[in-house]
Trainee: 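Dropping a structure here in structure tokens format, bear with me for questions.
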Amino acid sequence: MKKCFDSLLAVLFLFAANFAVASAPYPLEYWALRDVVSNVSISPDGKHMALRKIATKDGDPVIEVYRTDDLNAEPYRVNSSPMEIQSFYWVNDDVIAMRLRQKVRDKIDGFNRGVYEYVLGSVDIKRQKLKKYDQLGADIESILPSRKNKIIFSYLPGGDDSKIRSAFRPRAYYELDLKTGSKKLLMRGKLSIGQIEFDAKGKPWLARGFDIQTGHYVWYVRQRGDKDWREIYRLHEDSFEEFDVVGFDTAQPHVLFMTAHNGNDKVGLWEFDARAGKFGELVYRRNDVDVTGVRRHSNFWSHADSVVAVSYVKDQPRFEYFDPVEEATYTQLDGLIPESHYLRISSRSRDGKSMVVYNLGPRDPGSYYLLHGGRLQKVGSRQPLLEAEALADVRYIEYEARDGRTIPAYLTVPNGEPPYPAIVLPHGGPFVSEVVMYDEWAQLLANNGYLVLQPQYRGSRGRGLEHYTSAFVDGGQGGYKMQDDKDDGMLYLVKQGLAEKDRLAMFGWSYGGYAALVAAAREEQIYQCVIAGAAVTDNNMQVNYYRSRLRGAGRIEQLGMWDDSISPLEQAEKVNVPLLLIHGDVDQRVPPEHAARYRKALDKYGKNYKYVELEGADHFSNTLFYDHQKTLYDSMIAYLSEDCGPEGL
């Protein structure tokens with residue numbers, strides 16, 4: 001497999017001709033690469049392995065298909081140009097289904113309406129024939145292991161301009177024959193029953209809908225012998241509790257597995273009796289973090305609907321297994337894979353003898369291994385130029401905020417001796433769950449000598465209902481207690497002797513960029529500079545993009561947060577440290593007007609800032625190409641070392 005990277009390495013090592021000292025930072029060109037190898041999976045018969053590959057810094061993704069008994073043989077390559085391959089799945093021994101995208105406009109078409117459109121495609125590796133299907137916005141819902149060449153796809157008629165939560169928006173479902181291209185309507189969703197899930201045989205078994213009269217989200221099941229959908233549960237739209245069906249007991253299909261609060265602060269895994277319409281036994285719950293979901297059996301082709309473990313995240317993803325064979329399999333692999341951290345069997349042959357194993361961790365940007373014929377061999381890496389020894393460890397810590405709240409955090413520690421210059425890197429969202437296993441931005445900064453703190457400030461998910469809702473239920477805490485959580489983390493690192501008190505900065509993207517702008521104007525200033533990417537600068541303008549579509553808990557959350565929190569635009573006069581602003585010119589989630597308005601205000605008050613615009617970049621990481629990332633990283637590292645405070649960071 002080594003020769004697969006020859007063209008890539010030949011180009012890239014030109015950047016590092018003098019890169020001989022192991023302790024020197026990697027050239028920024030290394031970090032700017034998009035994933036070189038990804039989406040590795042094995043065919044159901046175990047005879048072929050396919051992967052998505054970007055062979056050069058500005059190349060298009062292709063699918064390469066290898067024979068598993070000879071990975072050194074020339075692969076069969078699939079290029080969908082002018083469309084770009086996003087992901088793919090084996091449908092049977094010879095056919096691969098793909099999701100493709102194409103840039104169709106130069107400017108965004110309003111909030112959340114980007115420059116790309118998505119369609120499905122397929123390739124028959126035996127006949128070497130490529131097909132594309134014409135349904136825009138299609139998503140693959142189910143691969144049907146017992147039905148050759150058939151998949152189920154769905155799309156959202158009329159787009160997603162809806163007040164209803166995305167998990168409940170009515171979709172249309174079709175069965176698609178990948179060989180003939182013909183499609184058959186299975187079910188057209190409606191508001192009352194808008195989202196359908198199908199089992200491995202293609203039978204609809206779960207549905208979700210919304211009762212517009214009462215304001216309840218409603219769950220339905222349809223099991224063997226049922227002629228119609230049967231309602232099992234209602235949750236009012238004002239509730240912040242979670243209720244999510246994540247599977248069923250294959251031996252007793254009426255026993256569902258669900259992640260739910262069920263009146264508790266932390267999400268647990270519960271049994272739910274679909275016949276009786278009520279909760280059964282609590283399977284697993286913790287008092288420190290939420291249950292995040294379940295792990296399914298590693299062999300999709302023979303155990304597609306089987307749940308084998310419950311998952312949760314604290315320092316890293318962890319699993320409590322119900323299936324001893326699956327547990328033993330993962331335990332054995334854990335002892336074989338270098339730098340093992342988070343392991344996942346990404347695909348497995350029908351007979352169970354061959355598999356692809358994926359590992360991700362602080363010192364592994366993402367590596368794929370093939371187990372075939374009793375031999376385990378490395379296939380490739382997302383970032384093959386980054387070696388484990390030069391990457392940084394990630395520690396899980398907890399510290400106390402000034403009001404006594406415990407804040408969990410991840411700390412990426414550079415190789416070397418403390419104290420270090422330090423950067424706080426708040427996640428976007430802000431109402432998301434962050435798990436730091438391998439974070440490219442944190443690792444890049446650590447590789448350049450910076451200690452990186454990623455706090456799970458109040459409002460972050462995964463730490464219980466109260467930790468999440470405390471960011472907005474008693475008034476929006478953006479710029480207030482949420483900001484204190486970040487500053488208090490940096491002060492904690494200084495107190496612990498890990499960070500230098502006069503060499504602190506903040507860098508964030510989206511909400512994280514918003515937090516960086518708030519930090520730049522705080523009176524009790526602890527930072528030397530900030531870097532704000534794709535930042536919300538005007539709270540009112542941002543929430544007005546979707547204010548009329550908000551309802552229920554989402555309305556309480558969003559209006560409670562943004563209407564009550566500090567707006568950076570109104571604080572521009574108070575900015576007291578240098579700023580670097582970065583924004584994509586086709587950002588659909590935080591449109592470029594945010595950056596334009598804020599720069600105008602900074603100019604009015606004569607503030608010190610630099611601005612970098614990423615041409616053709618949207619808000620999301622999968623729209624950042626090599627040139628975007630190279631520009632971003634060059635700007636960041638130069639700014640930190642040269643323009644951050646009096647002497648740089």
Side-chain angles (χ1 to χ4, degrees), residues 1-9 35-55 61-78 85 87-98 123 125-126 143 145 295-304 325-326 328-361 363-388 437-438:
M1 194 67 181
K2 178 179 178 296
K3 70 177 184 179
C4 297
F5 301 112
D6 285 351
S7 60
L8 171 72
L9 297 179
D35 289 342
V36 176
V37 170
S38 61
N39 204 161
V40 183
S41 60
I42 196 167
S43 62
D45 61 7
K47 294 181 179 180
H48 292 91
M49 180 194 71
L51 55 84
R52 180 177 177 268
K53 181 178 174 184
I54 304 177
V62 299
I63 293 175
E64 293 188 341
V65 183
Y66 295 83
R67 298 199 316 269
T68 50
D69 58 3
D70 186 6
L71 296 185
N72 289 315
E74 188 70 14
Y76 167 55
R77 291 185 174 88
V78 181
I85 299 168
S87 58
F88 69 86
Y89 309 86
W90 286 98
V91 176
N92 57 47
D93 296 341
D94 304 315
V95 177
I96 291 171
M98 305 176 292
V123 59
I125 64 169
K126 181 179 288 187
I143 304 296
R295 169 167 273 180
R296 298 186 181 277
H297 198 284
S298 59
N299 195 330
F300 166 79
W301 304 105
S302 60
H303 297 82
V325 176
E326 285 286 287
T329 301
Y330 275 99
T331 299
Q332 186 174 14
L333 289 170
D334 189 61
L336 296 173
I337 302 296
E339 303 296 338
S340 175
H341 188 80
Y342 165 66
L343 285 179
R344 177 170 56 87
I345 298 172
S346 60
S347 66
R348 196 168 183 176
S349 61
R350 194 179 290 110
D351 63 10
K353 295 179 181 179
S354 301
M355 66 181 69
V356 171
V357 184
Y358 175 66
N359 181 56
L360 179 70
R363 292 185 181 267
D364 185 349
S367 296
Y368 294 90
Y369 297 82
L370 174 66
L371 178 61
H372 178 71
R375 180 188 176 199
L376 182 70
Q377 54 185 316
K378 187 173 181 179
V379 172
S381 172
R382 288 181 177 271
Q383 297 295 338
L385 300 179
L386 305 180
E387 298 179 342
M437 293 179 284
Y438 173 86

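Throughout, residue positions are numbered sequentially from 1 according to the sequence presented.
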Trainee: Using 0.5 Å steps for rounding, measure from the CG atom of Leu360 to the OH atom of Tyr342.
Mentor: 8.5 Å

Trainee: Is it true that Lys126 and Asp93 have a side-chain N and a carboxylate O under 4.0 angstrom from each other?
Mentor: no

Trainee: Say you draw a straight line from NE2 of His297 to CD1 of Ile345; how long is it, rounded to the nearest 0.5 Å?
Mentor: 8.5 Å

Trainee: Which heavy atom of Ser354 sits nearest to which heavy atom of His372, and what is that distance?
Mentor: OG-ND1, 2.7 Å

Trainee: With a cut-off of under 6.0 Å to the ring centre and 45° to the axis, is Arg382 in cation-pi contact with Tyr438?
Mentor: no

Trainee: Go through it in stages, so that I can follow the logic: the residues are Tyr330 and Val357, the test is side chain to side chain contact (heavy atoms under 4.5 Å, CB included), and I'd like the CA-CA distance, side-chain angles, deciding distance and then a yes or no.
Mentor: CA-CA 10 Å; Tyr330 275 99; Val357 184; over 6 Å; no

Trainee: Give a yes or no answer on whether the side chain of Asn39 reaches the backbone of Phe88 with a donor-acceptor pair at less than 3.5 Å.
Mentor: yes

Trainee: Has Thr68 got a side-chain atom pairing as donor or acceptor with Met49's backbone, closer than 3.5 angstrom?
Mentor: no

Trainee: Identify the two heavy atoms, one from Val91 and one from Ala97, that lie closest to each other, and give their separation to 0.1 Å.
Mentor: CG2-CB, 3.6 Å

Trainee: Would you say the side-chain atoms of Trp90 pair up with the backbone N or O of Ser41, donor to acceptor, closer than 3.5 Å?
Mentor: yes

Trainee: Measuring from atom CG of Leu336 to atom CG of Leu371, what distance do you get when rounded to the nearest 0.5 angstrom?
Mentor: 8.5 Å

Trainee: Evaluate the criterion side chain to side chain contact (heavy atoms under 4.5 Å, CB included) for residue pair Val65 and Ile96; output intermediate values, then yes/no.
Mentor: CA-CA 10 Å; Val65 183; Ile96 291 171; 4.2 Å; yes

Trainee: What closest approach, in Å, do Lys47 and Ser43 show between heavy atoms, and which atom pair accounts for it?
Mentor: N-OG, 3.3 Å

Trainee: Taking all non-hydrogen atoms of both residues, which atom of His341 and which atom of Gly361 are closest, and how far apart?
Mentor: CB-CA, 3.6 Å

Trainee: Roughly how far, to the nearest 0.5 Å, is CZ of Arg77 from OH of Tyr66?
Mentor: 6.0 Å

Trainee: Does Arg344 have any salt bridge (Lys or Arg N to Asp or Glu O under 4.0 Å) partners at least two apart in sequence or in another chain, and if so, which?
Mentor: none

Trainee: I would like to know whether Val356 and Tyr368 meet side chain to side chain contact (heavy atoms under 4.5 Å, CB included); could you show each step before the answer?
Mentor: CA-CA 7 Å; Val356 171; Tyr368 294 90; 4.1 Å; yes

Trainee: Judged by atom type as modelled, is there a donor-acceptor pair below 3.5 Å linking the side chain of Arg52 to the main-chain atoms of Ile85?
Mentor: yes

Trainee: What are the two closest heavy atoms between Val78 and Met98, and how far apart are they?
Mentor: CG1-SD, 4.4 Å

Trainee: Any ion pair linking Glu339 and Arg363 (charged N to carboxylate O, less than 4.0 Å)?
Mentor: no

Trainee: Test your reading of the model: is there a side-chain donor-acceptor pair from Ser346 to the backbone of Val40, 3.5 Å cut-off?
Mentor: yes

Trainee: Of the non-hydrogen atoms in Leu376 and Tyr369, which two are nearest, and what is the gap between them?
Mentor: CD1-CB, 3.8 Å

Trainee: Is a side-chain N or O of Asp364 found less than 3.5 angstrom from the main chain of Gly366, in a donor-acceptor match?
Mentor: yes

Trainee: Are Tyr76 and Val123 close enough, and set up right, to give a side chain to side chain contact (heavy atoms under 4.5 Å, CB included), and what steps lead you there?
Mentor: CA-CA 11 Å; Tyr76 167 55; Val123 59; 3.6 Å; yes

Trainee: Can you tell me how far the CD1 atom of Ile143 sits from the CH2 atom of Trp301, to the nearest 0.5 Å?
Mentor: 7.0 Å

Trainee: Kindly compute the distance separating OG (Ser349) from CG (Asn299), expressed to the nearest 0.5 Å.
Mentor: 7.0 Å

Trainee: State, yes or no, whether a side-chain contact exists between His48 and Ile42 at a heavy-atom distance under 4.5 Å.
Mentor: no

